Structure formats: C-alpha cells, structure tokens
2 protein chains.
Amino acid sequence: MATPRRMGTETSETRVRLLDVTERIMIDDGYAAVSSRRIAKDAGVTPALVHYYFGTLDDLFLALLRRRAEQQLARQQRKLSAERPLRSLWEASKDRDGARLLTELMALANHRKVIQTELAEYAERFRAIQLKALEDHVADLGVDVPPVVLLVLIAGMSRSLVLEASLGMTTGIAETYEVIERYLDQLEAAPPAG
Amino acid sequence: MATPRRMGTETSETRVRLLDVTERIMIDDGYAAVSSRRIAKDAGVTPALVHYYFGTLDDLFLALLRRRAEQQLARQQRKLSAERPLRSLWEASKDRDGARLLTELMALANHRKVIQTELAEYAERFRAIQLKALEDHVADLGVDVPPVVLLVLIAGMSRSLVLEASLGMTTGIAETYEVIERYLDQLEAAPPAG
DNA sequence: GTCTATAGTTCGATAGAC
DNA sequence: GTCTATCGAACTATAGAC
C-alpha cells in the first residue's frame, strides 16, 4: 500500500491563489492553456505545488467549478429574493468573464465526464432554486407560460446574447435586449420614472 | 527569400479525410485533443502530412470552420425558402454534433483571434440570410416583435436547449420545447392534423 | 503525395530535500 | 508548505528522401 499523497488544506491562501490564477487563464486563453507550469508561473510558485494542492488537473478543474458554483449560488440566493427576481435572473448572466468561463467549462464537460456530471448537477441546483423563487412570485404576473419555461427562456437568452456579443456579432442583439427588457419591465414593476 | 512551403490542393481526397477526422476529434474529445499526431493516427497517415496540407494547426481550424460554414450556408439556403422558414430555422440547430462542434469553435474563438473573426463573420452572414428569408415571410404572421428579434430568439433558444440537453440537464427543457414549437406551429401553418 | 527523421518545446506527475 | 530535479511522454514544425 502506497503512502497517501500529501495535499494542502482547503483554506490555504496559496490554494485560493492558484484557483484565482487558473480562472484567469481559462478566461483569457481557454482551458487548453491551463497547465501546472503555466499556473505556477502566473502565481509565482513552482509546478509541483499545483499537484501538491490538487493532485491531478482534473481535480483542479473540479475544485474551480465547485468554488465558482458555490459563490454564485450564494449570490443568487440573495438576489432572487429581491423584489424583481426575473430581472435579477436576467442580469445574472450578463457578466462577460463569467460567460466565457462557463463556455470553457461546457467545452471541457463535453469530453471529461467528471466535469460534465458536476456541472450538470450544479446547473440543476441553480435551476431548482430559481424555479422556487419564480413560482412564489410569478403566479400573479399574468404570464401565459409555466414558470419553469419562463426560467429556461430567460436564462437561455441571457447566456446566448452575451456569447454572441462576446463573439463580436451585432445584428439584432441590441434590439433583442430591448424587447426582452421591456417585457421584463412590463411583467415586474418598471423602475420608477425619472 | 525562402522557398514557399509546398501544400496540397483543396480537392485532395486526403485533405477531405483529414478535415473529417479533425471534426470527429473535436466533437468527441474537444479542440484541445486536436494534434497533428492524433489526426494522423486516426486518419492512418503520418503527422507530417497534416502540415503538408494545412501548414499550421490554426490554418487547419480555419479550413475546418470554412468548410463547415459553407456546407451549412448551402443547406440553409435550400431550407429557408421552404414554406415554414421559422420552423426550419428552429430545427437547424438541433443536431447535437453540430452544437458541440460550435461550442468548441466558440471556445477556440475566445482566445484565437483569427478564429473569432472568421466565426463572427460567418455567423453574421447566416443571420443576414435568415433575416432576409424571415422578412419576406413574417410580415403577414401578425407577430408583435421585429423579424430580427424573432430570429435572434429562435436561434438562441435552439442552441441553448441543445446545449443544456447535451450537458445532461432535464428540468424545464421538454416543456420549453413544447411551448416554442406550439408557438411556431401557431405562427406558421400547423402540420396537417392526423 | 507520402514518408522518415529529428530539433526543439512543453507537458503531467512524482520523489525527495529543505 | 515549498522547492529542486527528473522521468517519460506528447507536442509543433521542418528538412529532405522516396
């Protein structure tokens, strides 16, 4: 029986830094640019330390996914209970870096089963939480589609538009934003007129 | 002045095969799994041949993108002039392999400028063609949103739903498909009742 | 058109010193 | 907790033979 590999603690500052650096690499240069050497270089440590904290690169990707997801879950919980959950749901996906990171994770998930499973699981948790918030809220909005459909539509279009804009597309994007946001304002209380 | 590198012709059977193999690798294992060695191995040739035909890997990715895009443009031209352009637009993104390939290309585009430029250009060409087909058609459908918005919505949701399903998500997907398809049937002639 | 051979990089992961 | 050193493997790209 081999001696179990040593590994750093969850709360280590260095560990946090390695995750931060990895996120930045993925956003800037894609998941394929992630390597223990590159991470080490950007973080100012040695490659061996990456393996000390995470074992394999897959474990590192998993840790990154979990941290990000938990952050977002917490943030979402707060915002969804506000007075305009549809709108906050809509805004949630607007962050460009977040959208790129998600794209990279989805591309990763396409061929790394552990990532796919974990990512799908978190996505479903998000959806369940959002659905609950909407169900409590949407009944009296007079919408003709089920809350879950409204949810899938808003989340899907939000992501889609950010990706198209991030790719450099322009046709129809501003117009679609306007139509959707007008619709949301109509459903939920419009902001106070200036 | 150096002797220009030799390069294979566009119509070579081997070239076509190399592109086919590369597509398959990207779909199955992601763009990061694409290497001249892997391609050569899967195609039953030597790595040097990949460089003979494409020069660099970026050129290979570009060639792949162009071939795929031109194929889809031709196919789309045919289908969009049919009697139910909205529906055919909706169906166009349903192919799972196509969606995965597009995801990989978008992830690639996030950090390879040549890919991004070319991909965005093709995406805009697609949109322009689709828009023209819709404008000729949608006027008498009695829709309350501009054709271009309808286009962005349908294309976006089609892609989004395929990706979510491909990831393994389930909540709300079937319901959303139903709502959208019902809506499309209502806009365009519903299929003949059985 | 296809190959062999090779130069030069970069990578994952580990053992073990400090 | 962090490092040095290292093995073994994979990679891009090219030169040049056939």
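Since the structure is predicted, the reported quantities are computational estimates derived from the model, not experimental observations. In what follows, chains carry the letters A, B, and so on, assigned in the order in which the sequence lines appear, proteins first and then strands, with residues in each chain numbered from 1. Below, each value reflects all heavy atoms present in this structure, side chains not excepted, and no hydrogens, waters or symmetry copies.
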task: Mind running a 4.0 Å heavy-atom check of residues 53-63 of chain B against DNA chain D and sending the residues that fall below it, in number order?
output: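 Contacting residues: B:Thr56, B:Leu57.
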message: Counting only heavy atoms and a strict 4.0 angstrom limit, can you tell me which residues of residues 104-118 of chain B come near DNA chain D?
response: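 Under 4.0 Å from DNA chain D: no residue of residues 104-118 of chain B.
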- line: Here DNA chain D, pairs taken as Watson-Crick or G-U under 3.5 Å and shown with ( ), [ ] when crossing and | when to another strand, reads ||||||||||||||||||
Could you tell me if the side chain of [Y] sits less than 4.5 Å from the side chain of [X], heavy atoms only?
{"X": "B:Glu121", "Y": "B:Arg125", "result": "no"}
{"X": "B:Ile115", "Y": "B:Met106", "result": "no"}
{"X": "B:Leu184", "Y": "B:Ile154", "result": "yes"}
{"X": "A:Leu19", "Y": "A:Arg68", "result": "no"}

field: Sidechain-backbone polar pair: A:Ser12 side chain, A:Gly8 backbone, donor-acceptor under 3.5 Å
entry: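 Side chain of A:Ser12 to backbone of A:Gly8, a donor-acceptor pair under 3.5 Å: no, none is there.
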- request: Please confirm whether the backbone N or O of A:Ala155 pairs with a side-chain atom of A:Ser158, one donor and one acceptor, at under 3.5 Å?
  value: no
Tell me which nucleotide among [options] gets nearest to the side chain of [X].
{"X": "A:Ser36", "options": "C:dG1, C:dG12, C:dC3", "result": "C:dG12"}
{"X": "B:His51", "options": "D:dA13, D:dC3, C:dC3", "result": "D:dA13"}
{"X": "B:Tyr52", "options": "D:dT6, D:dT2, C:dG1", "result": "C:dG1"}
{"X": "B:Thr46", "options": "C:dT4, D:dT6, D:dC3", "result": "C:dT4"}

Would you give me the side-chain donor-acceptor pairs under 3.5 Å for residues 160-174 of chain B, sequence neighbours excluded?
residue  : atom : partner  : partner atom : Å
B:Glu164 : OE1  : A:Arg127 : NH1          : 2.7
B:Glu164 : OE1  : A:Arg127 : NH2          : 3.4
B:Glu164 : OE2  : A:Arg127 : NH2          : 2.9
B:Glu164 : OE2  : A:Arg159 : NH2          : 2.8
B:Ser166 : OG   : B:Arg100 : NE           : 3.2
B:Ser166 : OG   : B:Arg100 : NH2          : 3.3
B:Thr170 : OG1  : A:Glu124 : OE2          : 3.2
B:Thr171 : OG1  : A:Glu124 : OE1          : 2.4

Figure out the [atom1]/[atom2] separation between [X] and [N], and round it to whole Å.
{"X": "B:Arg38", "N": "D:dA13", "atom1": "CZ", "atom2": "C1'", "result": "20 Å"}
{"X": "B:Leu49", "N": "C:dT2", "atom1": "CG", "atom2": "P", "result": "5 Å"}
{"X": "A:Lys41", "N": "D:dC3", "atom1": "NZ", "atom2": "C1'", "result": "19 Å"}

For [X] and [Y], work out which heavy atoms get closest and say how close.
{"X": "B:His111", "Y": "A:Asp28", "answer": "CB-O, 3.5 Å"}
{"X": "B:Glu104", "Y": "A:Ala107", "answer": "OE2-O, 3.4 Å"}
{"X": "A:Met7", "Y": "A:Gly55", "answer": "CE-N, 3.8 Å"}

message: So if I take residues 27-35 of chain A and measure heavy-atom distances to DNA chain C, which residues fall below 4.0 Å?
response: A:Val34, A:Ser35
Positions of residues 8-20 of chain B (non-hydrogen atom under 4.0 Å from DNA chain C), listed by number: B:Thr14
message: Is it true that A:Glu188 and A:His137 share a donor-acceptor pair across their side chains at a distance under 3.5 Å?
response: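 Per modelled atom types, A:His137 and A:Glu188 side chains form a pair under 3.5 Å.
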- request: For the residue pair A:Gln72 and A:Tyr122, confirm or rule out a side-chain donor-acceptor distance under 3.5 Å.
  value: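 A:Tyr122 and A:Gln72 do not have a side-chain donor-acceptor pair below 3.5 Å.
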message: What I want to find out is whether B:Asp59 reaches B:Arg66 closely enough, with some N-O distance under 4.0 Å, to be called a salt bridge.
response: no
What does the list of N/O pairs under 3.5 Å between the protein and nucleotides 15-18 of chain D look like, with a distance for each?
residue : atom : partner : partner atom : Å
D:dA17  : N6   : B:Arg6  : NH2          : 3.4

Applying side-chain contact (heavy atoms from CB on, under 4.5 Å), name anything that partners [X], two or more places apart in sequence or on another chain.
{"X": "A:Asp97", "value": "A:Arg24, A:Ile27, A:Asp95"}
{"X": "B:Ser88", "value": "B:Lys79, B:Leu80"}
{"X": "A:Glu175", "value": "B:Val148, B:Val149"}

task: Output all residues satisfying ring pair (Phe, Tyr, Trp, His ring centres under 6.0 Å) with B:Tyr177, sequence neighbours left out; order by chain, then residue number.
output: B:Trp90
Side-chain donor-acceptor distances from residues 31-39 of chain A under 3.5 Å, at least two apart:
residue : atom : partner : partner atom : Å
A:Ser35 : OG   : A:Arg38 : N            : 3.0
A:Ser36 : OG   : A:His51 : NE2          : 3.4
A:Arg38 : NE   : A:Asp42 : OD2          : 3.0
A:Arg38 : NH1  : A:Asp29 : OD2          : 3.3
A:Arg38 : NH2  : A:Asp29 : OD2          : 2.9

